[in-house]
Number of protein chains: 2
Amino acid sequence: MSDQKTTHDTRDRILDIAERLFMENGYEATSMRMITGAAEVNLAAVNYHFGSKEALLREVFRRRLSWLNRERLQALDRLEGQAGGAPLKPSQILEAFFGTLLRMGEDEALGGMTFLRLLGRTLTDPAEFIRNFFAGEYAEVIDRYKLALFRALPDVPKAEIVWRLHFMLGAMSYAIAGTDVLQVVTGCGLGDLAGESGSDGPGDLVVARRLAQRLMPFLLGGLRAPLPQSIDLPSQQQEPSR
Amino acid sequence: MSDQKTTHDTRDRILDIAERLFMENGYEATSMRMITGAAEVNLAAVNYHFGSKEALLREVFRRRLSWLNRERLQALDRLEGQAGGAPLKPSQILEAFFGTLLRMGEDEALGGMTFLRLLGRTLTDPAEFIRNFFAGEYAEVIDRYKLALFRALPDVPKAEIVWRLHFMLGAMSYAIAGTDVLQVVTGCGLGDLAGESGSDGPGDLVVARRLAQRLMPFLLGGLRAPLPQSIDLPSQQQEPSR
DNA sequence: TTAAGATTCAAACGAACGTTTGAGCGAAGT
DNA sequence: ACTTCGCTCAAACGTTCGTTTGAATCTTAA
């Protein structure tokens, strides 16, 4: 029973618990009383330290994404410095972007698989304040990596690259969310490796490494797939009348 | 008997409105009063016709997924009948599985892009009753297609195929969800094509076709990507910089 | 016409929600 | 010693939630 409580003790305990509960139940289905109860702090502590429930979710993400954004930009800077003006290889860009994220899943101090799962599940949340928040947090990094891919694949139309970046983000987001129907049906996949509900399976490090090992070749294969042959809509032109 | 005006009028109006509102706000953030208000029916109508809010969501999905499951199984039956015992081509399997779904997005009578977006956003919902429901609905179809892929790719380890099916589901789910950060940052992608917020952009047919045209080559490229070289965890212990 | 069943309706239920309040506490600062 | 300030606390705020109720209204068939 350590009675020693400082300011950051309460703040960080709220953030850690909220991160886990938001991941397990989603934002709307997680109440302030669930969070403060599990964190063993007073109900009013969240509003005192963060201002509101929305601001708490933002802070949960901000403390992780600020590290991730910095790391992703540094990785790209490093690669471009080594290349000395030449375009990067697509595999290098993907490794810097997705590898950096998946390496967060290996380190519990950076949130581990708990944060990765939360991120994957929250990226498809339709709530407006969430989407606005992510848009602001991701803007700079997305733009830098998008331009790097444009230079790495000069023969591919830019719109096509954006589409495939979109698909790659989706495959990763869904994979780290760990809610796939396959996992329940086949008993195989991320959930099987993670041992989500209590049972101590392999640790976050092993889970994240195995996932990265499977995901990266898939993403690269998709990015380099042959372009669709027909330019746009096929022959028949069907217009919804009125 | 055939005149089902009163009953199915209310029932179907509730289902249509609920489908749209669940898509726009998510399950938890959509209240019964929002649904019954927009559908112009009494608040008690949902509990009378469906029993509960959870049962309403299940019915919203069931009326679409029963059609989708039937169509997907028939498509696979047709292909296997034509092949006469020989393994199918992976592209045929993907076309039957993903093409059938994306064709739902073209037809407003089958839910159109509204249902596709709802499906993509709900597949990552952590609520237990939702995941159990999807597991039951998808079990048979997933199993059939999984086996078809095993036979189509006899040289690829089965675990690897399951992983890649997992990734393909993710890319599709995320793409049809239409909540990608790319759309807000770059103003390009599904949301741009869809004109989600009121403005009449291209119809569902055009949106779904363009999406399918871009997604299918990506999925095929990912599925056929070279296998990861190392069997499991590498030797080096890499520490993320802080 | 009339009785029975199906559907709609306004109103209310208890519970849970996010947030606010004002008193109380303990360790600095002067 | 006394004030200040950061923080915690129990209690309550007003609102909204999903659900239930019982009477009113409509539909249907004998």
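So you know, we letter chains A, B, ... as the sequences are listed, proteins then strands, and number each from 1. These values consider heavy atoms only, across backbone and side chains, with no hydrogens, waters or symmetry-generated copies.
Contact between the side-chain N/O atoms of A/H49 and the OP1/OP2 oxygens of D/dG6 is not found at any separation under 4.0 Å. At C/dG18, none of the side-chain N or O atoms of A/S52 fall inside 4.0 Å of OP1 or OP2 (strictly under the cut-off). The phosphate of C/dA16 has neither OP1 nor OP2 within less than 4.0 Å of any side-chain N or O from A/S31. Contact check, A/T10 against D/dT8: a side-chain N or O comes under 4.0 Å of OP1 or OP2. Between A/N42 and the phosphate of D/dC7, there is no side-chain N or O to OP1/OP2 separation shorter than 4.0 Å.
A/E28 places its CD atom 8 Å from the P atom of C/dG18, with the value rounded to the nearest Å. As a whole-Å value, the separation of B/R33 CZ from C/dC9 C1' is 14 Å. Rounded to a whole Å, the CG atom of B/N47 is 16 Å from the P atom of D/dG22. Residue A/R11 contributes atom CZ, which lies 16 Å from atom C1' of D/dT8 at whole-angstrom precision. Remark: P of C/dG18 and CD1 of A/I35 are 8 Å apart, rounded to the nearest angstrom. One can place CG of A/L21 at 12 Å from P of C/dG18, the figure rounded to the nearest angstrom. As rounded to whole Å, 16 Å separates atom C1' of C/dA15 from atom CE of B/M32. Put simply, OH on B/Y48 is 17 Å from P on C/dA10, counting in whole angstrom units.
Residue contacts for A/A45: at a heavy-atom cut-off of 4.0 Å it reaches no nucleic acid atom on any strand shown. At a threshold of 4.0 angstrom between heavy atoms, the contacts of A/T36 with the nucleic acid are absent.
Between B/E40 and A/K53, the residue whose closest nucleotide on DNA chain C is further toward the 5' end is B/E40. Nearest-nucleotide positions on DNA chain D place A/L43 closer to the 5' end than the other of A/L43 and B/A29.
No side-chain N or O of B/T124 forms a donor-acceptor pair with one of A/T179 less than 3.5 Å apart.
Taking the side chain of B/A44 as heavy atoms from C-beta on, and the options C/dA11, D/dA10, C/dC9, the nearest nucleotide is C/dC9.
In this structure the side chain of A/I35 never reaches within 4.5 angstrom of the side chain of A/V41, judged on heavy atoms. For the pair B/R121 and B/F22, the minimum side-chain heavy-atom distance is 4.5 Å or more.
The only option from A/R62, A/R63, A/R117 that meets the salt bridge (charged side-chain N to carboxylate O under 4.0 Å, His left out) definition with A/E19 turns out to be A/R63.
A cation-pi arrangement is present between B/R72 and B/F97 under the rule of less than 6.0 angstrom and at most 45 degrees off the ring axis.
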